[in-house]
Structures are given as structure tokens and as C-alpha cells.
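First the proteins, then the strands, lettered A, B, ... as listed; each starts at 1. The basis for the numbers below is simple: all heavy atoms, side chains too, and nothing from hydrogens, waters or symmetry mates.
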Amino acid sequence: MTRKERYQQVLSYFQQNMPVAETELMYDNPYQLLVSVILSAQCTDKRVNLTTPAIFNQYPTPQLLAQASFEELFPLIKSISYPNNKTKHLIGMANMLVNTFNGQVPMTVDELVQLPGVGRKTANVITSVIDAQPNMAVDTHVFRVAARLGLTIKATTPLAAEKQLIQYIPKELVHIAHHWLILHGRYTCLARNPKCDSCALQTMCAYFQKQQKKQPKA
DNA sequence: ATCCCGAGGG
DNA sequence: CCCTCTGGAT
């Protein structure tokens with residue numbers, strides 16, 4: 001099976017079988033999405049959505065968030081993972097928005113990654129969601145699942161994986177494919193004990209084929 | 001125990 | 001490349 005065929009089979013399967021009904025981050029503008037995505041690391045969207053209304057209410061603009069003190073913002077962040085880092089990141093991010101980007105959220109990956117707390121994954125989410133750019137945000141799920149399925153070959157970094165995925169996935173499907181890979185990773189292709197026995201992608205999965213060779217009966 | 005749509009620093 | 005950050009849900 002060629003790599004292109006593998007992509008076609010996997011994408012086709014997802015398109016026909018993957019329900020897309022997950023809780024999503026709540027936001028009304030690019031600034032709010034940026035805050036939400038920064039907060040979402042190692043944390044469910046549901047929990048992020050519990051904290052953001054208070055944050056957006058108290059700091060409706062980058063200008064106001066930039067002036068926040070650590071002490072007053074921290075309590076609003078405290079109930080999610082890495083509150084220390086995220087509090088610092090949000091204030092630093094807002095300051096750079098004001099001082100470097102004229103108070104506007106930049107819409108290129110290269111600009112976004114300059115912001116504190118914004119890495120390539122977050123930058124790809126922002127540009128794909130807000131500006132419909134065909135950018136693939138490679139998080140832990142996408143990285144693992146793509147490698148197992150054989151969608152990426154010898155990709156040792158998220159950036160390498162991103163380049164390969166972008167090369168083979170039709171632009172109009174990049175965004176939804178991102179969600180498909182995440183959902184497959186969350187519910188079936190688990191990091192530790194993947195549920196290969198109940199996985200419909202066995203026949204086209206490089207990881208499963210490899211396991212079969214090692215343990216023919218398992 | 002294991003998992004939640006990571007980023008920054010050494 | 002590794003490590004740290006580090007709360008809540010299941």
C-alpha cells in the first residue's frame with residue numbers, strides 16, 4: 001500500500017465513521033481563543049470553559065490583561081493545570097500583543113510563536129480556526145496516532161510530522177483531520193494500551209501489523 | 001493509576 | 001534531548 005493510499009483509506013474511514021461532537025473551547029474573538037488555547041494544555045476544554053468567563057469578564061481586552069498583576073489573575077487560573085506558568089504566560093502574552101502587535105492577535109504562525117505561552121501547536125490552532133489556514137496542529141495525539149497509522153514516517157519531532165501530514169492531506173480536510181486524529185487517539189489509539197482489538201483501522205495500520213508479527217495470536 | 005487538543009528552559 | 005510545571009476527572 002502506498003502512502004497516498006494509506007491516507008485515502010484512513011481519511012475515508014474517519015469521514016464516514018467519526019462523530020464530531022466534542023465540547024469545544026468557548027470564545028467570541030481571536031483574543032479569547034488565544035487565551036483559551038493557552039489555558040488548554042494538559043486540561044480538558046470543559047474545565048477551561050469554566051474559568052474563561054471570569055477572565056474575559058475581568059480582562060475583556062489585551063490592554064486590560066496586560067495590566068493585570070500576577071496576584072489578581074492567578075486565582076482565576078488556579079483550578080487548571082500549571083496555573084503558575086499559565087498566569088505568567090497570559091500576562092506576558094497580552095503585553096506583547098499590546099507592545100509589538102498593536103493590540104491585535106497576529107495571524108501568522110511565525111508571529112504567534114513569539115508570544116509567551118504560544119508554541120507551534122497553539123499557533124496552528126489559532127490560524128486554522130480563525131483564518132482557515134490549512135495548518136495542522138500536532139499535539140501528543142496527532143503525533144502518536146499519525147506515526148502508528150503510518151501517516152508519518154520517521155518523524156521524530158512534531159514539526160516533521162506536521163510537514164508530512166500537510167503534504168498528503170487535502171487542504172480542506174486538514175482542520176477536520178486534526179480532530180479525527182485526536183478523537184481516535186483519545187478513545188481507541190491510546191498512548192499506553194491502544195485498543196487494537198476493537199479498532200477498525202487494523203488492516204491499514206502500520207503499528208498493528210507490526211504487533212501482529214511480534215505476537216501472531218494476540 | 002492514567003489521562004486531559006503543551007511550552008519553556010537547561 | 002531531557003526535564004519541569006502540576007489540578008482535576010475518571
Side-chain angles (χ1 to χ4, degrees), chain A residues 14 18-27 30 32-55 70 73-97 105-106 109-130 133-149 151-152 154-162 165-166 169 173-195:
Chain A
F14 284 148
M18 187 66 80
V20 181
E22 285 284 298
T23 61
E24 292 184 6
L25 293 173
M26 302 189 304
Y27 66 95
Q32 291 190 358
L33 178 63
L34 183 53
V35 170
S36 296
V37 177
I38 289 174
L39 292 176
S40 72
Q42 289 302 105
C43 185
T44 59
D45 288 359
K46 196 174 171 182
R47 177 134 294 275
V48 172
N49 289 338
L50 288 174
T51 71
T52 48
I55 297 173
F70 181 93
L73 179 58
F74 182 81
L76 304 183
I77 314 284
K78 177 154 179 54
S79 68
I80 56 184
S81 299
Y82 315 142
N84 268 291
N85 286 342
K86 288 173 178 175
T87 300
K88 292 177 198 164
H89 288 161
L90 285 187
I91 295 173
M93 179 277 286
N95 273 278
M96 187 177 284
L97 281 186
V105 178
V109 171
D110 287 344
E111 290 173 311
L112 282 164
V113 294
Q114 295 176 39
L115 297 165
V118 178
R120 194 171 179 87
K121 181 261 171 180
T122 298
N124 280 328
V125 169
I126 302 297
T127 52
S128 67
V129 171
I130 299 293
Q133 295 176 32
N135 295 338
M136 174 64 77
V138 177
D139 55 52
T140 168
H141 292 301
V142 172
F143 187 77
R144 178 185 71 256
V145 173
R148 284 182 179 163
L149 287 173
L151 300 180
T152 57
K154 298 185 190 302
T156 56
T157 66
L159 179 59
E162 178 188 323
L165 289 163
I166 290 301
I169 299 176
L173 292 183
V174 168
H175 186 217
I176 189 66
H178 164 74
H179 286 284
W180 288 335
L181 290 168
I182 285 171
L183 293 178
H184 187 243
R186 184 180 303 161
Y187 298 118
T188 304
C189 198
L190 310 184
R192 306 270 171 113
N193 290 104
K195 302 178 177 177

Inset, instruction - Grab the CG-C1' distance between A/L190 and B/dC3 for me, whole Å please. - result: 9 Å
Legend entry - A/V118/A/I38 under side-chain contact (heavy atoms from CB on, under 4.5 Å): CA gap, chis, key distance, verdict: CA-CA 7 Å; A/V118 178; A/I38 289 174; 3.8 Å; yes
Legend entry - Side-chain heavy-atom pair A/I130, A/L34 within 4.5 angstrom cut-off: no
Inset, instruction - Could you check if a side-chain atom of A/V105 sits within less than 4.5 angstrom of a side-chain atom of A/L33, using non-hydrogen atoms only? - result: no
Inset, instruction - Using a cut-off of strictly less than 4.0 Å between a heavy atom of the residue and any atom of DNA chain B, enumerate the qualifying residues of residues 136-149 of chain A by number. - result: A/D139, A/T140, A/H141
Inset, instruction - Any chance you could measure A/M26, atom CE, to A/T52, atom OG1, to the nearest 0.5 Å? - result: 4.5 Å
Inset, instruction - Under 4.0 Å from any heavy atom of chain A: name the first and the last nucleotide of DNA chain C that qualifies, 5' to 3'. - result: C/dC5 to C/dA9
Inset, instruction - Please report, rounded to the nearest Å, how far the P atom of B/dC3 is from the OH atom of A/Y187. - result: 14 Å
Inset, instruction - For nucleotides C/dT6 and B/dG10, find the distance between their P atoms and express it as a whole number of Å. - result: 15 Å
Inset, instruction - Apply the side chain to side chain contact (heavy atoms under 4.5 Å, CB included) test between A/L190 and each candidate in A/H184, A/H141, A/K195; give the one that qualifies. - result: A/K195
Inset, instruction - Identify, with sequence neighbours excluded, every residue that meets salt bridge (charged side-chain N to carboxylate O under 4.0 Å, His left out) alongside A/R144. - result: none
Legend entry - Value in whole Å for how far the C1' atom of B/dC3 lies from CG of A/L183: 15 Å
Inset, instruction - With sequence neighbours excluded, tell me which residues meet side-chain contact (heavy atoms from CB on, under 4.5 Å) with A/S81. - result: A/Q42, A/K86
Legend entry - Atom-pair distance (CD1 on A/I182; C1' on B/dG6), nearest Å: 12 Å
Inset, instruction - Report which part of the nucleic acid A/P83 touches: base, sugar-phosphate, or nothing (heavy-atom distance under 4.0 Å, all strands). - result: sugar-phosphate
Which pairs, protein N/O on one side and nucleotides 8-10 of chain B N/O on the other, fall under 3.5 Å?
{"from": "B/dG8", "atom 1": "OP1", "to": "A/G117", "atom 2": "N", "distance (Å)": "2.7"}

Legend entry - Residue whose closest nucleotide on DNA chain B lies nearer the 5' end, A/T122 versus A/S81: A/S81
Inset, instruction - Return the value, rounded to whole Å, for the distance between atom CZ of A/R120 and atom P of B/dA7. - result: 11 Å
Inset, instruction - List the steps, then state whether side-chain contact (heavy atoms from CB on, under 4.5 Å) holds for A/S128 with A/H178. - result: CA-CA 10 Å; A/S128 67; A/H178 164 74; over 6 Å; no
Legend entry - Ring centroids of A/Y82 and B/dA7 base under 5.5 Å with planes under 30°: no
Inset, instruction - Verify, without hydrogens or angle tests, whether A/N135 (side chain) and A/V125 (backbone) share a donor-acceptor contact under 3.5 angstrom. - result: no
Legend entry - Closest contact, heavy atoms only, A/K121 versus A/S40: NZ-OG, 4.4 Å
Legend entry - Integer-rounded Å distance: B/dC5 P and A/Y27 OH: 16 Å
Inset, instruction - Hey, can you tell me if A/F74 and A/F70 have their rings parallel, tilted or perpendicular (30° and 60° cut-offs)? - result: parallel
Inset, instruction - Taking only heavy atoms on the protein side, list every residue of residues 39-52 of chain A lying under 4.0 Å from any atom of DNA chain B, sorted numerically. - result: A/A41, A/Q42, A/C43, A/T44
Legend entry - Step-by-step side-chain contact (heavy atoms from CB on, under 4.5 Å) determination, A/D139 to A/I182: CA-CA 8 Å; A/D139 55 52; A/I182 285 171; 3.0 Å; yes
Inset, instruction - Please measure how far the P atom in B/dC5 lies from the corresponding atom in C/dC3, and state the result in whole Å. - result: 24 Å
